[in-house]
2 protein chains.
Amino acid sequence: MSIVKAFGAVSPTSGVAAMKIERRKLRENDVAIEIDYCGVCHSDLHYVENDWGITRYPIVPGHEIIGHVTAVGNSVTRYKPGDIVGVGCLVDSCKECSACDHGLEQYCENGMVGTYGGVDRIDHTPTYGGYSENIVVREEFVLSIPETLDRASAAPLLCAGITTYSPLRHVGVKAGDKVGVIGMGGLGHMGVKFAKALGAEVTLFTRSKTKEAEAKKQGADHVVVSTDAAQMSAVANTFDYLLDTIPVTHDFNPYLKCLKYDGKHMVVGQLSPLEPALGLGALVTKRRSLMGSMIGGIAETQEMLEFCAEHNIRCDVEMLDIENINQAYERMKKGDVRYRFVIDMKSLKQD
Amino acid sequence: MSIVKAFGAVSPTSGVAAMKIERRKLRENDVAIEIDYCGVCHSDLHYVENDWGITRYPIVPGHEIIGHVTAVGNSVTRYKPGDIVGVGCLVDSCKECSACDHGLEQYCENGMVGTYGGVDRIDHTPTYGGYSENIVVREEFVLSIPETLDRASAAPLLCAGITTYSPLRHVGVKAGDKVGVIGMGGLGHMGVKFAKALGAEVTLFTRSKTKEAEAKKQGADHVVVSTDAAQMSAVANTFDYLLDTIPVTHDFNPYLKCLKYDGKHMVVGQLSPLEPALGLGALVTKRRSLMGSMIGGIAETQEMLEFCAEHNIRCDVEMLDIENINQAYERMKKGDVRYRFVIDMKSLKQD
C-alpha cells in the first residue's frame, strides 16, 4: 500500500481539493501507472456533486487516464515499465459472464468496477480515479496507447471517444450511411469525427446556428438547426442513425421522425428519465428503435485507439492545471469548453 | 365498377350498418375476390369510432380477409378463379422505393395503401375493407392460403399473425432465446405460439394470475404476473426479447429491466404516446432497445402463412354473424373475446 497525492471531494458542496489516498500494493496481474494526463468528463462533475445520488465520499474523479507504466506484477506479460498506457471508465469485471465473454465488460452481469466510485472485487476498498499521481490497475483493463497518438489529446478518447465510437461500430456504420449527430460537445464532436472516418454522410443537429462553421471544420457535411421546424421537416425520414449526445432531458420526437424505416436513435449522453411523452407511433410505423449505449468494452476501446491513430483522429482539448479544476467545472456547466479539459498532471506533482 | 353489399360506419357514433359500396372494374393486374371470412381487428373499432382522428366516413372496416378468387385481370399469372386467397392490411404500395425493394411494403416511403381508409394510387377513390361481399386487389398484394390451413381461423393471421411474427423473425428469434410476451389478447396469444414454434423459451407477462393455465395451454413455458414486484425482480436481466402487445398506454420501465444486455423491447400493440417517463438509464446501461414494428411485408406474410401450415398454428377464434358486429365491438372493449372474432361472410349474403 502506498499513500499518494490526489484531488477529490469530500461532500457535494466542497469542490475538489488536494487530499491523500491509498493505492494498493501490486497484485501479480496488476500494472502500476504514473499518470501524465487526465481528461475531465461531465460524469466527474456529476459524481462530485452527487447528482445521481450514488456518490460515496471521498471521491477522486477521473476516468480518462494516460500515463506510463512504473512497475508490473509477476504474471503481467503485456506491459513493462516505460510503456505509454491508458485507463478508461472501468478497471475490473467478472470476466466470466456472458457479457464479459462477448467483450462487453461494461455490461458485466456481475457488475463492472468503475475507475472511481466503485468497489474493488478482491479487497472491497473504494476505487479512486485519475486526478492523482498514480493508479494500480488489473492488466486486462489497461489500454496500450499507439505511439503516434498525441498523449494529452488521447486522454478523452478513453471515455468521450469510446462512448461515441462503440455504438457507431455496433450498428455497423459504413460508407454511404446517413448519420446525424445531435449536440456538439465533448461527445458530439468525437461522434462527428468517427462517423465521418467510417465513411458516413454526417449531419450535425444543433440548436445554435453559430456552430455551423465549427461543425463543418470537425467534418460534418451538413448542419441542421434543430429548433427550425422547416429544416427538420426537410430531413424527415432520411437518416439511418442518430447519435444523441445531449446530456440533459430533451424531446426525442422531432428527431425520431428524421429516421428512415429501421433507423436507430442511439442515446449516449443522457441517463435522466425521458420526460416528454415519447410518440410510439414514430417507432411502430417505421420500425425505428430508440437504443442506449454506454462506453465500450476493453477490446473495442483498444480498437478505437488504433482507429484514431490510423485516421489521425484526436479530441480537441484545453489543457488545465489541477488547481483550476473547480473553475473548469463552472465553465463546463455553461458549456464553455471546446471540447474537453485535460489536466496536465505535472501540476499535481508541483503542488 | 359494381355495387356491392357491405357493412360500414358513416359517423363516429353510428355503429356499423348495412350499406352499398362501389368496387372498381378489374385492372389487368387485379384479382377479384369473393370474401368468405373477415377477422375483426381492434383497429376496425378505432377507425369506426375515429379514435385516431384520421377516419374519412363512410368507412368499411376489415383487413383480415379470406376468400376465393372469382376473376383475374389479363396479366395476372399467380392466381386463377377458385383459388383460396387472403388480403391483409395493405392493398398497394409504390413498389419502387428502398423499403418496397426490401420487401417492406408496410413502410413504403411513398405511403402504403391501407385495405380500408386508404386512397387508391391510380383513381384516388377511397379503399373499403373486408366487411363486404367482395374486394378487388392488385395481384402482388394477394396472399395464397395454404390448403391445410383452416380458412376461418386463418383470417386473423393476416393482421394479428403477421404483426407478431414479423418482429420475432426480424430480430432472429431462435432456439434457446428467452422471449417474453406482454399481454395475451389477439396479438399476444399469437406471439406466444410463434415464439414457441421458433424454439424460444416463452414467458407470458400478464396482470391477471387467472390467465396462467390458459397461457400454458397456448404454449408459454412460464407466466409472470406483472403487478407482482417480486416476480418481476426474479426475472430481471434475463430476456433477450420482449414482444409488447398491450394496446393502451402503460409503463415500460418495469419491463425494460427484465431485458438482458442488448435486449429488445418490441412494441406492436400501441400507437398512443408513451406517457410515463421512460427511464433512459435502463436503455443506456445495458444497450437495450425500445423498437416498434408494424404488420409485415407481403413476402413475409406469405412466409408466415406457410409457417403456420407447417407448424399447425392457428388463431383461436369466435365466429360471428355480421349483424352482431356492434355487440362484438362492445365485447372487445371489455376484452371479452378469446381471442379474435371472425365474421362468417355468409351472414352478409343472407342479410
Item to complete: Starting from the C-alpha separation in whole Å, work towards a yes-or-no answer on side-chain contact (heavy atoms from CB on, under 4.5 Å) for A/V267 and B/L283.
Response: CA-CA 8 Å; A/V267 178; B/L283 298 184; 5.7 Å; no
Discussion item. Please determine whether side-chain contact (heavy atoms from CB on, under 4.5 Å) holds for the pair B/L280 and A/T249, giving the CA-CA distance in whole Å, both sets of side-chain angles, and the decisive distance to 0.1 Å.
Written reply: CA-CA 10 Å; B/L280 288 172; A/T249 294; over 6 Å; no
Discussion item. If you apply the rule side-chain contact (heavy atoms from CB on, under 4.5 Å), what do you find for B/M291 with A/R287, and how did you get there?
Written reply: CA-CA 6 Å; B/M291 61 176 279; A/R287 200 163 68 184; 3.9 Å; yes
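Within 6.0 Å of NZ in A/K257 there are 12 or fewer heavy atoms belonging to other residues, nucleotides or ligands.
Between atom CG of residue B/L104 and atom NZ of residue A/K286 there is a gap of 10.5 Å, rounded to the nearest 0.5 Å.
Among A/L278, A/I295, A/N237, A/N253, the residue with the largest count of heavy-atom pairs under 4.5 Å with chain B is A/L278. Most heavy-atom pairs under 4.5 Å with chain A: of the set B/M266, B/Q106, B/H170, this distinction falls to B/H170.
Only the side chain of B/K260 comes within contact range of chain A, with at least one heavy atom under 4.5 Å from a heavy atom of that chain. Heavy atoms of B/C108 lying under 4.5 Å from chain A belong exclusively to its backbone. Of the atoms belonging to B/H102, it is side-chain heavy atoms, and not backbone ones, that fall under 4.5 Å from chain A.
In plain terms, the two heavy atoms of B/V284 and A/Y107 that are nearest each other are O-CE2, 3.8 Å.
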